[in-house]
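Note that the structure is predicted; figures quoted are calculated from it, not measured. Starting from 1, each residue takes its place in the sequence as its number.
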Amino acid sequence: MSDDVIPTTQDDVPTRCGFVAVLGAPNAGKSTLTNAMVGTKVSIVSPKVQTTRTRIRGIAMQDNSQIIFIDTPGIFRPKKRLERAMVAAAWAGLADADTVILVIDAQRASGKRGLDEDSSSIIETLKKNGYQDVILVLNKVDLVNPPVLLDLAAKLHAEGIFSEVFMISALKERGTADILRYLASRAPLGPYMFPEDEVSDLPMRMLAAEITREKVFLKLYHELPYSITVETDQWTERPDGSVKIDQTIFVARDSQKSIVLGKGGDQIKHIGAAARKELEEILGQKVHLFLFIKVREDWAEDRARYSEWGLDFDA
């Protein structure tokens, strides 16, 4: 694109727009980092691994640049169909990206066991495919002694694929602004792909379902297996400015239904209250949230659900 057709801001500064793929092992902090740089919740965060299922796009504005984050599912060794589809989606995210970020849990990587198998595998795959301009983000650095951290950074930089290293705490949003400014400075010249006030291309019905799924995991991750999903069934805007949202939590067995309900329905009430509060903050309107629980043993083998999530059923 020649300079004379590049869009400009009101101050006559050429605009930039870049896609950034955020890779990493499960629980490295990818979703927390994406949310911090976008400035609001676009991807769920949970102590339970592999909770991000789709390539969620978060959109951030910095100066004259629009940065579109592809928050990929954590990369690990898949065993089941859903896991294979999630890992395939993570690697497919690189095809859309101008820049690749690899997030590594510095606390875990600097421990006695060193770099985990999943992160090592990601680095080897990046090297195998010729990536040499990857941004390394060491997360949770506030939990690591500086000399140990510097040694870890040196060892990883020696892999030969990293052009920049950032040390951050995504949870505390320390160092995240530096990453955003760096990404903005290197984004390709070009028009914005989304309106400047948009923070995600994820449909609000799906984001609402993801928020409720997050609350289920945050409340019950010690008791509940990974095989759970949430769907938004109805979204009704009311004349008084509030919104009524009906959602179904799908579990694989009756025993899981009892766990989600809790004694006297106390668990589902807690989950609903937490989800409703966050939805009201995001939507800026009163939310009436109604949750239902259904047992569906084969939901993870439903081709239509994979299509809704942007996953390849046959991966």
Side-chain angles (χ1 to χ4, degrees), residues 26-27 31-32 35 41-54 56 73-74 76 78-83 85-86 202-238 240 242-311 313:
N27 267 1
S31 296
T32 305
N35 291 338
K41 173 70 71 66
V42 293
S43 186
I44 72 171
V45 179
S46 165
K48 201 171 185 70
V49 300
Q50 305 151 20
T51 45
T52 298
R53 288 181 179 153
T54 59
I56 295 171
F76 55 100
K79 297 178 181 179
K80 300 178 181 180
R81 181 189 295 277
L82 177 58
E83 294 175 348
M86 288 165 56
L202 193 68
M204 185 53 67
R205 291 170 67 103
M206 185 177 290
L207 179 59
E210 287 290 274
I211 287 172
T212 299
R213 188 164 68 96
E214 176 191 61
K215 304 312 175 190
V216 172
F217 283 137
L218 288 174
K219 182 66 176 175
L220 303 170
Y221 73 95
H222 287 301
E223 306 170 66
L224 202 65
Y226 176 66
S227 53
I228 182 174
T229 193
V230 179
E231 291 185 1
T232 300
D233 304 311
Q234 290 188 334
W235 186 290
T236 307
E237 298 285 348
R238 291 183 167 181
D240 63 0
S242 65
V243 59
K244 176 178 177 289
I245 303 173
D246 295 331
Q247 294 180 333
T248 299
I249 300 171
F250 288 101
V251 295
R253 295 187 298 275
D254 279 319
S255 59
Q256 296 172 8
K257 182 176 180 179
S258 299
I259 292 173
V260 178
L261 276 172
K263 186 177 180 180
D266 60 335
Q267 296 286 35
I268 193 70
K269 290 177 183 176
H270 180 93
I271 291 165
R276 180 171 59 252
K277 179 181 178 182
E278 184 155 331
L279 284 168
E280 288 181 339
E281 292 174 356
I282 292 175
L283 296 172
Q285 62 186 132
K286 186 174 179 59
V287 172
H288 306 277
L289 180 62
F290 296 88
L291 300 179
F292 307 90
I293 309 172
K294 291 184 180 179
V295 178
R296 184 175 291 175
E297 296 181 3
D298 60 346
W299 73 262
E301 296 296 320
D302 187 341
R303 184 181 291 270
R305 278 182 171 77
Y306 285 69
S307 179
E308 291 174 3
W309 294 332
L311 298 177
F313 182 80

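Here CG of Asn27 is found 8.5 Å from OG1 of Thr32. Values are rounded to the nearest 0.5 Å. If you take NZ on Lys244 and CG on Leu289, they are separated by 10.0 Å, rounding to the nearest 0.5 Å. Rounded to the nearest 0.5 Å, atoms CG (Leu220) and CD (Gln256) are 11.0 Å apart. Here the CZ-OG1 distance, from Phe250 to Thr229, works out to 8.0 Å after rounding to the nearest 0.5 Å.
Sparse packing is recorded around NZ of Lys294, with 12 or fewer heavy atoms of other residues, nucleotides or ligands lying under 6.0 Å away.
Checking side-chain atoms of Glu231 against main-chain N and O of Thr248 turns up no donor-acceptor pair under 3.5 Å.
The two residues His288 and Ser242 make their nearest non-hydrogen contact at NE2-OG, 3.2 Å. Nearest heavy atoms, Thr212 versus Gln247: OG1-OE1, 2.5 Å. Nearest approach of Arg205 to Asp233, heavy atoms of both residues: NH2-O, 3.1 Å. Smallest separation of non-hydrogen atoms from Leu291 and Gly272: CD1-CA, 3.6 Å. Considering all non-hydrogen atoms of both residues, Ile271 and Lys219 come closest at CG1-CB, 4.1 Å. Scanning both residues, Ile268 and Gly265, for their nearest heavy atoms gives CG2-O, 3.1 Å.
Side-chain atoms of Ile211 and Ile282, non-hydrogen and from C-beta on, do get closer than 4.5 Å to each other. Taking 4.5 Å as the limit, some side-chain heavy atom of Gln285 sits within range of a side-chain heavy atom of Glu237. The shortest side-chain heavy-atom distance between Ile259 and Val251 does not fall under the 4.5 Å cut-off.
For residues 258-277, no residue pair satisfies the salt bridge (charged side-chain N to carboxylate O under 4.0 Å, His left out) rule, not counting sequence neighbours.
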Determine, stepwise, if the pair Met204 / Thr232 fulfils side chain to side chain contact (heavy atoms under 4.5 Å, CB included).
CA-CA 10 Å; Met204 185 53 67; Thr232 300; over 6 Å; no
